[in-house]
Amino acid sequence: MNLFDDPKQRIKQLSDELNQHNYNYYVLDKPTISDFEFDALLQELILLEKAYPDYILPGSPTKRVGGEVTKIFQSVKHRYPMLSLGNTYSFEDLRDFDERIKKLVTRDFSYICELKYDGVAIGLRYENGLLTQAVTRGDGIKGDDVTNNVKTIQTIPLKLNGNDFPSDFEIRGEIMMSHKSFENLNKSREAEGEESFANPRNAASGSLKLQDSREVAKRKLDCFLYFLLGDQWKEKTHEERLKKAQNMGFNVGHFFKKCANLDEVFDFIQTWDVERKKLPFDIDGIVIKVNEIELWDTLGYTAKSPRWAISYKFKAERVETRLESVSYQVGRTGSVTPVANLTPVKLAGTTVKRASLHNADIIEKLDLHEFDIVFVEKGGEIIPKIVGIDKSKRDVYANKIHFITNCPECGALLIRNEGEANHYCPNEDHCPPQIKGKLEHFISRKAMNLDSLGEGKIEMLYDSGLVKNVADLFDLTSDTLFGLEKTIISEDGKNKIISFREKSVENILNALQQAKIVPFERVLFALGIRFVGETVAKKLARHFKNIRNLSKAAKEDLLDIDEIGEKIADSVLLYFSKAEHLELIERLANKGLQFELHEDFLTPKSNILDGKTIVVSGVFSKPRDEIKTIIEQHGGKHTSSISSQTSYLLAGDKTGPEKLKKAEKLKVPIISEADFLKMLP
């Protein structure tokens, strides 16, 4: 029998091959096939698994995309307690550590130095080479089972290489989020009116407890493994076990080093205190372990920590400067964020003038007073934050700083919802920064995509009194626009003149006409309802079919929709309870905007593009929005930026040269409109 005539064998072959390619790409960083070839194999496996579900293997690479929903994370007792390490910030403490070991150990020994990853500790259990359980640290005795979510992390093998390993064992490591993924996540949360995460570690921790594993997959978490547990291993040193783990398919990194003595340990620490700034993820120190495993029992344990290991923590770079004032920024959703304005100071290679104070609780906790001398660090190596105050230098007559009670922009009394850290201005339809924020959100690329109204034009139209809400945009005419002009002073002190000339006016009016064919789900997203991001807008549009049904929905109707919780439901109900919003929607509908889902979009046409991510760029024979809709109708996903995970760049005429260059660099297949249409059934 031909291999391809046997679906069970073909599924096994594809699973093994794809798992190996995943390891080559994500762990070794040495891909052996193109993304196009990988996607073709993965698509074949997906189709075979759908046709023959009984043959799906536990370690199938299709598990990476998520799809499992976990309502309750079960508490699991660790087979081995998950201990913590003793910390030190000084070389003197390391010398004491070294001396204590030498008093108990008479033979020669060495150390292994590893990076101390700043993430979330995880324990992974493998049975017969397959990942069967992933458990968080918890209290060290019990943790939460987050297996479904962990399976979406590309650097964690679902099935191990080879067969030279115990039938049942555990390995531990750290789940992290890269700086790039962290920044992208916060941008997305801010666009949807959600609070930003303070640092990558918090973002990784929050991601692991999401109920929908598909959402976890989107967060692009990473993992480094560093500790094989149990006495079944024949390897006698920690270094050998790390190399063994790497051979089995685990991502142990290339950062560990064997050190013959303490001087070499100090050299390693000093090197990484500098080099860590170049890493794409956070570390907060170095872990030092006795290399010879047989000595671990001799050295023993305290109640909380092993005596054969210690962590040296880097001192966060801290500077001292003066608090000049506290100002308050009002965001698009009305969230009020206090900002400390500082006497400019150099910190970690940049000049820091401001630091977020986050919310009223932080101000109260710091006991902040006017003109305090404050200590500033970069939290998570990214965000400047005030970590303390030199109260010895405080003016005895300085007034305590209290969070404001009224909006600094419109004067409305601020509110703070139960269970939330932030204060909000409730005057969403008449508070200037909220109005401008809603206008800017409305024209943004993922909403109405009115790019001809960017570059400060929205602020100019608002300040001139021509536009007070999004419906006013569609009342603009060439007569009202032509000749408008404004000078803007940039941060570097240079003047920039924004003016409406004949061509720019024509572009704006044409774009407003094109907005009338933007599909309902994007119009709904563009309205800027708090907590209704791009994905939620799609779910609401496809469930209720039109704006009338949505506006009349009861809370129970909203909660029945997958992933719609109390917070989103309450926000939607509040939005449609206001007559001003209903009038706004009526005006937009009268101007021709789409507030109903077309029948053509209600049911998928095929799943030929399942698992495919396509970037659409350039000019086509039909509007780009229509192209994007076609992608979704056939199971695909479209994004605006190219990455190594992009399946295709769909390039039309006048495709941006930077996109083409990046696609070529990342070996992303570039296809034409004709190529794309040939892929469809």
Side-chain angles (χ1 to χ4, degrees), residues 190-195 326-339 359-360 403-418 420-444 447-448 450 453-454 456-477 480-481 484 486 488 498 508 512 515 523-533 537 547 550-551 567-568 570-591 593 595:
E190 288 163 8
E192 296 189 11
E194 297 273 8
E195 285 187 53
V326 175
S327 56
Y328 296 84
Q329 297 176 344
V330 183
R332 172 177 70 83
T333 61
S335 176
V336 180
T337 303
V339 177
N359 53 56
F403 199 89
I404 55 174
T405 56
N406 294 78
C407 175
E409 299 287 344
C410 70
L413 187 67
L414 299 180
I415 61 173
R416 184 178 183 179
N417 298 323
E418 186 177 350
E420 292 189 14
N422 283 21
H423 285 74
Y424 291 89
C425 170
N427 188 21
E428 62 175 309
D429 298 306
H430 303 284
C431 181
Q434 292 191 68
I435 296 170
K436 285 188 254 189
K438 287 181 187 298
L439 289 166
E440 288 165 357
H441 173 72
F442 187 81
I443 70 165
S444 65
M448 303 304 289
L450 299 171
L453 276 167
K457 293 187 179 75
I458 283 293
E459 186 171 0
M460 184 176 169
L461 289 170
Y462 176 82
D463 291 343
S464 67
L466 288 172
V467 174
K468 293 295 184 184
N469 58 50
V470 296
D472 289 342
L473 291 170
F474 296 89
D475 291 333
L476 295 172
T477 65
T480 56
L481 289 173
L484 283 176
K486 183 177 182 179
I488 295 177
I498 297 177
I508 290 168
L512 290 168
V523 177
L524 181 59
F525 171 58
L527 291 177
I529 303 171
R530 194 175 175 214
F531 304 130
V532 176
I547 199 74
L550 176 58
S551 66
K567 188 165 64 172
I568 296 173
D570 288 340
S571 179
V572 171
L573 292 172
L574 178 62
Y575 182 86
F576 286 107
S577 71
K578 297 184 178 181
E580 197 166 358
H581 294 162
L582 299 177
E583 181 185 337
L584 179 79
I585 290 169
E586 186 175 356
R587 283 182 63 195
L588 291 171
N590 289 338
K591 291 294 182 180
L593 271 68
F595 282 102

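Treat the numbers as computed from the prediction; the structure is a model and nothing was measured.
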Looking at every heavy atom in both [X] and [Y], which two are closest together, and how far apart are they?
| X | Y | value |
| --- | --- | --- |
| F531 | K567 | CE1-CG, 3.2 Å |
| F595 | A589 | CE1-N, 3.7 Å |
| I529 | F576 | CD1-CE1, 4.2 Å |
| N427 | A412 | CB-CB, 3.9 Å |

**Item:** Residues E580, H430; criterion side chain to side chain contact (heavy atoms under 4.5 Å, CB included); working and verdict
**Value:** CA-CA 11 Å; E580 197 166 358; H430 303 284; 3.2 Å; yes

**Partner set under ring-ring contact (aromatic ring centres under 6.0 Å, His included) for Y328, not counting sequence neighbours** =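 ring-ring contact (aromatic ring centres under 6.0 Å, His included) list for Y328, sorted by chain: F403.
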
**Item:** Residues that Y575 engages under ring-ring contact (aromatic ring centres under 6.0 Å, His included), provided they are two or more places apart
**Value:**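 ring-ring contact (aromatic ring centres under 6.0 Å, His included) check on Y575 returns H581.
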
**Request:** For S464, enumerate each residue passing the side-chain hydrogen bond (donor to acceptor under 3.5 Å, both in side chains) test, keeping only those at least two apart in sequence or located in another chain.
**Result:**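 None.
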
Under 4.5 Å between any side-chain heavy atoms of [X] and [Y], yes or no?
| X | Y | result |
| --- | --- | --- |
| N406 | L414 | no |
| I458 | F442 | no |
| L588 | L527 | yes |
| Q329 | V336 | no |
| Y424 | R416 | no |
| L512 | L450 | yes |
| L461 | L453 | yes |
| V330 | C407 | yes |

**Item:** Contacts of R587 that satisfy salt bridge (charged side-chain N to carboxylate O under 4.0 Å, His left out) - sequence neighbours left out
**Value:**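 Counting only residues at least two positions away or on another chain, R587 forms a salt bridge (charged side-chain N to carboxylate O under 4.0 Å, His left out) with D472, D475.
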
**Complete:** Contacts of E420 meeting salt bridge (charged side-chain N to carboxylate O under 4.0 Å, His left out) (sequence neighbours excluded), chain-then-number -> R530

Interatomic spacing from [atom1] in [X] to [atom2] in [Y] - rounded to 0.5 Å:
| X | Y | atom1 | atom2 | answer |
| --- | --- | --- | --- | --- |
| T405 | H423 | OG1 | NE2 | 9.0 Å |
| L524 | I585 | CG | CD1 | 8.0 Å |
| L466 | L481 | CG | CG | 7.0 Å |
| S444 | R332 | OG | CZ | 8.0 Å |
| E583 | N469 | CD | CG | 8.5 Å |

**Message:** Walk me through whether K578 and L582 qualify under side chain to side chain contact (heavy atoms under 4.5 Å, CB included).
**Reply:** CA-CA 7 Å; K578 297 184 178 181; L582 299 177; over 6 Å; no

**Message:** Keeping S571 on the side-chain end and I568 on the backbone end, is there a donor-acceptor pair under 3.5 Å?
**Reply:**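 Such a contact is absent between S571 side chain and I568 backbone.
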
**Message:** Could you check whether any side-chain N or O of T480 sits under 3.5 Å from a backbone N or O of L476, counting only pairs where one atom can act as donor and the other as acceptor?
**Reply:**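 No, the answer is negative, given that no donor and acceptor are paired below the 3.5 Å cut-off.
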
Residues 432-440 side chain polar contacts: donor-acceptor under 3.5 Å, at least two apart:
residue, atom, partner, partner atom, Å
Q434, OE1, G334, N, 3.4
Q434, NE2, C425, O, 3.2
K438, NZ, E428, OE1, 3.2

**Request:** Using the six-membered ring of F474, assess whether NZ or CZ of K591 lies under 6.0 Å from its centre and within 45 degrees of the ring axis.
**Result:** no

**Request:** Give the intermediate values and the outcome of side chain to side chain contact (heavy atoms under 4.5 Å, CB included) for residues I508 and K457.
**Result:** CA-CA 10 Å; I508 290 168; K457 293 187 179 75; 4.2 Å; yes

